[in-house]
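Within every chain, numbering begins at 1; the chains are lettered A, B, ... in the order of the sequence lines, protein sequences first and strands thereafter. Remember, predicted model here, so these are calculated numbers, not experimental data.
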There are 2 protein chains.
Amino acid sequence: MEIVDLSTLPDSETRYTEFLRQICEKHDMDHAAYAGMNPTAGTVAGYVTYGDEWKDHYQSQGLIMIDPTIHMSRRSIAPVDWSRLERSPDFQRVFRDAHDFGLPSQGVTIPVRGPYGDIGLLSATRDCSKEEWRKLYTHVIGDLQSMAVHIHDNVVTSDEFTSALYHPTLSTREAEILQWVAAGKSQQDIGDILSISHRTVEVHLRSSREKLSALTTPQAVGRAIAIGLITPG
Amino acid sequence: MEIVDLSTLPDSETRYTEFLRQICEKHDMDHAAYAGMNPTAGTVAGYVTYGDEWKDHYQSQGLIMIDPTIHMSRRSIAPVDWSRLERSPDFQRVFRDAHDFGLPSQGVTIPVRGPYGDIGLLSATRDCSKEEWRKLYTHVIGDLQSMAVHIHDNVVTSDEFTSALYHPTLSTREAEILQWVAAGKSQQDIGDILSISHRTVEVHLRSSREKLSALTTPQAVGRAIAIGLITPG
DNA sequence: TTTTCTATTGGGGGTTTCCCGTATTTAGGC
DNA sequence: GCCTAAATACGGGAAACCCCCAATAGAAAA
C-alpha cells in the first residue's frame, strides 16, 4: 500500500491539522489522526498531530501494512476502541513501538464510509487510565463521529484528495462488458450480444482490469461492484 | 449517553421500533424511522414509528421509488437536513402527501455505510419552527449519528436481515479460496499459497460456483462480495 | 453403523481467457 | 491543421480455466 503524505501539499497542511488540533483541545485528547483510504487503488492519505519521529518510523517500518486499527476498521461499521485490539498479534508490534515514541495508550478509531468505496478513519488518543478513558469515551464519541463525517466529507470533495486517491472510471463499453461478465456471460456470449468480435470484448476487459488495477477479471468484477461501477448479476 | 442493548429484547419488530421510540423521547422528536438498504440486491427493510395509514400510503403509492431522502442519502456521506431537499421536484410530491397525513415538517436523515455496500438510514422528524429545529439539530446530531451507527450495526449482523434473501454458505476452504481469487490470484498461485494442488483449488471453486448458482467464477466473486461472504481484494 | 459432507489429488480434453500484435475512429490539446 | 491519447475493433497462439471422470480419508450427521 502506498502512502500519500497530504501534509506536504501547500494549503491543506494548515487546514486539516489545525482542525485535528481543535478536536484535541475540545475533547481533552492528546493526539488525533485522520486517514483517507481508497481500498481499490490501495492508497492511503493522512494527516496527524503526532511528531515527525513517529511518522518517519511508521512509514519506514511499513507499519501501515499491519496496523490493527486499519485492518479492524475495514470490516467494522462502529467505532473501534483500541482496547478491543489488544489480543491481536500485530497489536503488540505496532503499539509497543508507539509506546516507545511516547504515544498515548488509550484510543479510538472511527470509520466513515463514502459512496465510492472510500473509507475515512478518524483516530483520537489520550494517555490516561482505563477508567478515565471509559468516562471520556462515552462523553465524546457522538461528537467525534460527527467530526469524522465532517472531515471525511471535506477531504473527499477536495481536489488534492481526488487526485491523490484516484477514482477510476470506465468507458461505456467497458462498464457494459464488465456488467455482462458479472452476469456470468463468457466473452463469446458478450460478443454475440453486442454484435462484436469476442476479441474486442477481451480488449475492453483488459483495459478495465488496468483501470481498476486488477490482476484478473474476477478481481476487477469484485472491485467494480465494491465501488458501484456495476451491479452483481 | 446510554446505549440500549438491542439483543436482550425478544422480538425484532418491537425491538427496533422500541429503540426508535427511545430516540424520540430522548431528543424531543416526534417520529423516527430506520431503513436498511442493500442496493446490490435491491432490497429495503425498515422500521418506523409513523402511523399505519402513512405506512400503507407510502407503500401503495410506491413513494419509496421517489423518496428524496433516500436518493440524497445514496450519494451523501453527511447527514441530510430535509430543508436542503425543498428544491427537489420529488420533494413536493412526497412531502405534501406526508403533510396531509399529519407528519412533521422538519427532519434529518443520517446515512450509514457498511463494508458490503449496505446502507442504513436513520431519520428523525419534529413539527416545529425552523429556528427551533436548528437549535435542536446542532444539539442532538452527534448522538443521532451514534444511534444510526448502532442500529445499523445491529440490523446487518442480525439473522432476519441476512436471511431475508436466500443466503448460501460456503465452507471454510471455499470462502478462503474465493477470497484469494478476488485478490487476483490464479489457481496455481492459490495452490502454492495453501500448499495444496491446483486441482483441489479448482474443485473448491467449482462447488463455490454451484452454491452461489453462478455460471462463472467472476459472477461467483461478485455475488459473494454482494452478500458479504468475502471482501473485495 | 451407515450415510453424507468436506477436503484432497489426479488424468484427459475441450473451452475460455489472456498476451502479443495491428488498425480505424474520435476527442482534445498545441 | 497536426499530433496524441483514448476508445473501438480484429486475429494468432500460448496459457489458464473448466468439465467429465475416478479415488481416498476424516468428520459429522442420520
Side-chain angles (χ1 to χ4, degrees), chain A residues 40-41 159 162-163 165-225 227-230 232-233, chain B residues 159 163 166-225 227-230 232-233:
Chain A
T40 309
D159 287 340
T162 48
S163 57
L165 305 186
Y166 173 64
H167 191 255
T169 55
L170 299 180
S171 74
T172 312
R173 210 57 156 170
E174 286 159 355
E176 188 178 18
I177 288 174
L178 203 60
Q179 181 64 71
W180 280 115
V181 171
K185 301 297 182 186
S186 72
Q187 294 181 5
Q188 183 64 62
D189 292 340
I190 299 169
D192 294 343
I193 291 169
L194 302 178
S195 300
I196 57 178
S197 163
H198 68 96
R199 309 288 190 174
T200 307
V201 173
E202 198 274 326
V203 172
H204 287 298
L205 271 180
R206 193 189 312 158
S207 59
S208 296
R209 286 195 298 270
E210 279 169 13
K211 287 181 178 178
L212 292 163
S213 305
L215 295 168
T216 63
T217 297
Q219 186 178 29
V221 168
R223 290 186 169 178
I225 287 174
I227 61 181
L229 294 175
I230 61 172
Chain B
D159 288 338
S163 63
Y166 169 60
H167 220 196
T169 54
L170 300 179
S171 73
T172 313
R173 212 51 159 173
E174 285 160 355
E176 188 178 17
I177 286 175
L178 204 59
Q179 180 66 71
W180 279 115
V181 172
K185 301 298 181 187
S186 72
Q187 295 181 3
Q188 184 63 60
D189 291 341
I190 299 169
D192 294 343
I193 290 169
L194 301 177
S195 300
I196 58 178
S197 163
H198 68 94
R199 317 305 296 265
T200 309
V201 173
E202 198 271 328
V203 170
H204 287 298
L205 270 181
R206 192 187 313 159
S207 59
S208 296
R209 285 195 299 270
E210 279 169 12
K211 286 181 178 178
L212 292 163
S213 305
L215 295 168
T216 62
T217 299
Q219 187 179 28
V221 167
R223 289 189 171 173
I225 288 174
I227 60 183
L229 294 174
I230 61 173

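- Looking at every heavy atom in both residues, B:P232 comes nearest to A:G222 through CB-O, 4.1 Å.
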Donor-acceptor pairs under 3.5 angstrom involving side-chain atoms of residues 189-196 of chain A: please list them, not counting sequence neighbours.
from   : atom 1 : to     : atom 2 : distance (Å)
A:D189 : OD2    : A:S186 : N      : 3.3
A:D189 : OD2    : A:S186 : OG     : 3.2
A:D192 : OD1    : A:Q188 : NE2    : 3.3

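- Regarding contacts with the backbone of D:dC18, a side-chain N or O of B:T217 is found under 4.0 angstrom from either OP1 or OP2.
- For B:V181 against A:P218, the heavy-atom pair with the smallest separation is CG1-CB, 3.7 Å.
- Atom CD of A:Q219 and atom C1' of D:dC17 are 17 Å apart (whole Å).
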Trace of the side chain to side chain contact (heavy atoms under 4.5 Å, CB included) decision for B:L170 with B:L178: CA-CA 9 Å; B:L170 300 179; B:L178 204 59; 3.9 Å; yes
Nucleotides 7-11 of chain D: which of its N/O atoms have a protein N/O under 3.5 Å away?
from   : atom 1 : to     : atom 2 : distance (Å)
D:dA7  : OP1    : A:K211 : NZ     : 2.9
D:dA7  : OP2    : A:K211 : NZ     : 3.4
D:dT8  : OP2    : A:S171 : OG     : 2.8
D:dA9  : OP1    : A:R173 : NH2    : 3.4
D:dA9  : OP2    : A:R173 : NE     : 3.2
D:dC10 : OP2    : A:S197 : N      : 2.6
D:dC10 : OP2    : A:T200 : OG1    : 3.0

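- A nucleotide of DNA chain C counts as in contact with chain B when one of its atoms lies under 4.0 Å from a heavy atom; the first and last such, 5' to 3', are C:dT6 to C:dG12.
- No option in B:H198, B:R206, B:H204 other than B:R206 meets the side-chain contact (heavy atoms from CB on, under 4.5 Å) test with B:E202.
- Axis deviation across the helix from C:dT1-D:dA30 to C:dC30-D:dG1 amounts to 60°, comparing end segments of five pairs, rounded to 10 degrees.
- Taking CG of B:L229 as the start and OG of B:S208 as the end, the distance is 9.5 Å to the nearest 0.5 Å.
- Of the possible donor and acceptor atoms, none in the side chain of B:R209 sits under 3.5 Å from a partner among the backbone N and O of B:T217.
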Do any N or O atoms of the protein come closer than 3.5 Å to N or O atoms of nucleotides 23-28 of chain D, and which pairs are they?
none

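- Using a 4.5 Å cut-off on side-chain heavy atoms (C-beta onward), A:S213 and A:Q219 make no contact.
- A:V221 is not listed as a side-chain neighbour of B:I225, based on a closest heavy-atom distance of 4.5 Å or more.
- Under the rule for a side chain to side chain contact (heavy atoms under 4.5 Å, CB included), the partners of B:S207 that lie at least two apart in sequence or sit in another chain are B:E174.
- Here the straight-line distance linking atom CZ of A:R173 with atom OG of A:S171 works out to 9.0 Å at 0.5 Å rounding.
- The distance from atom CD of B:E210 to atom CG of B:L215, rounded to the nearest 0.5 Å, is 11.5 Å.
- A:L212 CG to A:T169 OG1: the interatomic distance, rounded to the nearest 0.5 Å, is 9.5 Å.
- Going from atom CD of B:E210 over to atom P of D:dC18 covers 13 Å, rounded to whole Å.
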